[in-house]
Protein chains: 2
Amino acid sequence: MSAASALRSDPALAGAVRDAVGRLGRRMRHHAAHPELSLGQLAALRTLERRGAMSPGELAEHEKVQPPSITKMLIRLETLGYVTRAPHLADRRQVVITISETGKALLDDDRRRRDAWIAQRLRGLEPEEIAALRAALPALEKLSRS
Amino acid sequence: MSAASALRSDPALAGAVRDAVGRLGRRMRHHAAHPELSLGQLAALRTLERRGAMSPGELAEHEKVQPPSITKMLIRLETLGYVTRAPHLADRRQVVITISETGKALLDDDRRRRDAWIAQRLRGLEPEEIAALRAALPALEKLSRS
DNA sequence: TATTGTTATACTCTATAACTATA
DNA sequence: TATAGTTATAGAGTATAACAATA
């Protein structure tokens with residue numbers, strides 16, 4: 001049996017993913033190292049760092065949220081100085097959002113803190129479980145964007 | 001290098017987990033097969049099925065939420081007929097929550113639907129990615145409860 | 001006095017719909 | 001008329017604090 005058909009034929013698997021992801025998201029929301037930013041705001045900032053400057057509309061598309069939600073995230077991020085706003089050169093309806101140096105520094109700091117947080121949590125996992133988690137990340141990422 | 005130290009020394013990993021889990025949770029919330037129940041309500045119902053009848057307090061502990069949150073979930077689940085409420089035999093402060101036959105039937109149906117939904121989504125993944133996801137589930141589950 | 005569960009209240013996140021400015 | 005973005009509004013989910021019933 002192939003890996004794909006094995007997964008499809010296991011009806012408990014999808015439910016387990018859903019439950020675990022929901023619970024983990026809830027826990028992360030509370031134990032986040034930088035409580036002044038939500039998970040969504042942090043993910044958006046991370047996207048801006050990785051993919052470079054873009055318009056709010058493009059960012060909304062990337063993050064799989066509606067435009068009004070991005071507007072709110074950006075108000076927050078701009079107020080805190082983590083992103084900057086500039087007029088689009090050719091189309092005056094558009095806006096170009098760029099991560100600031102402060103924003104980059106925050107992400108760096110955030111990574112260090114999360115590394116410590118998750119490292120502590122991982123002490124409760126077996127080495128094989130940790131390796132499995134690591135190996136599944138590309139799939140999880142892809143799944144979350146598909 | 002061991003798997004554990006490899007993970008700890010990769011500062012991008014924790015952030016990737018967090019972003020992916022957040023985004024996936026958001027998407028699942030919208031594409032859930034049974035929109036009358038939230039992820040949290042469904043997870044609670046699943047726990048009641050797997051672990052058997054318990055008090056609201058125990059359920060809150062299992063689901064990693066505060067008691068008032070469980071109260072709201074249970075009101076919803078009871079209104080819809082998916083759980084039943086009975087007085088505790090020895091302690092009249094407590095209540096015993098049991099999943100109903102309707103609740104079990106819902107979970108069965110939900111599994112079938114989610115299986116189809118995730119199967120479609122998995123067509124965009126490589127077989128190795130699917131296998132990796134499957135292998136990581138125990139770790140994800142454990143992580144979400146630690 | 002401590003514990004179980006609920007009610008009251010508030011906050012965050014996200015959505016849809018309506019609006020403004022520009023193309 | 002169509003598009004990019006914002007504002008207005010509402011709903012879901014969760015939290016903390018205060019309360020009632022019982023141990």
Using a strict cut-off of less than 4.0 Å between a Lys/Arg side-chain nitrogen and an Asp/Glu carboxylate oxygen, indicate whether E101(A) and K104(A) qualify as a salt bridge.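 So E101(A) pairs with K104(A) through a salt bridge.
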
Spacing between [X] atom [atom1] and [N] atom [atom2], to the nearest angstrom:
X	N	atom1	atom2	result
I75(A)	dT14(C)	CD1	C1'	14 Å
R93(A)	dT1(D)	CZ	P	17 Å
Q94(A)	dA2(D)	CD	C1'	13 Å
R76(B)	dG11(D)	CZ	P	14 Å
K64(B)	dG13(D)	NZ	P	21 Å
I70(B)	dT7(C)	CD1	P	15 Å
L39(B)	dT14(C)	CG	P	13 Å
E63(B)	dT14(D)	CD	C1'	14 Å

Taking any heavy-atom pair under 4.0 Å as a contact, classify [X]: base, sugar-phosphate, or nothing.
X	value
P67(B)	base
Q41(B)	sugar-phosphate
Q66(B)	base
R85(A)	sugar-phosphate

Got a donor-acceptor pair under 3.5 Å from the side chain of R92(B) to the base of dT22(D)? no

Do S144(B) and E141(B) have a side chain donor and acceptor closer than 3.5 Å? no

- Can a donor-acceptor pair be found between the side chains of E78(B) and T84(B) at a distance below 3.5 Å?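 There is no such pair between these side chains.
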
Name the closest nucleotide to the [X] side chain, picking from [options].
X	options	answer
P56(A)	dA23(C), dG5(D), dT16(D)	dG5(D)
K72(A)	dG5(D), dA10(D), dT4(C)	dA10(D)
P68(B)	dA17(C), dT9(C), dT7(C)	dT7(C)

Judged by nearest nucleotide, the residue sitting upstream toward the 5' end of DNA chain C, A90(A) or M73(A), is M73(A)

I want to check one thing: is the phosphate of [N], taken as OP1 and OP2, less than 4.0 Å away from some side-chain N or O of [X]?
X	N	answer
R23(A)	dT14(D)	no
S38(A)	dC13(C)	yes
T71(A)	dT6(D)	yes

Using the salt bridge (charged side-chain N to carboxylate O under 4.0 Å, His left out) rule, take R113(A) and D109(A) through it: C-alpha gap first, then chi angles, then the decisive distance, then the call. CA-CA 6 Å; R113(A) 294 195 193 198; D109(A) 182 61; 3.0 Å; yes

query = Any chance CD of E61(B) has more than 12 other-residue heavy atoms, nucleotides or ligands included, within less than 6.0 Å?
reply =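 Not buried by this count: 12 neighbours or fewer within 6.0 Å.
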
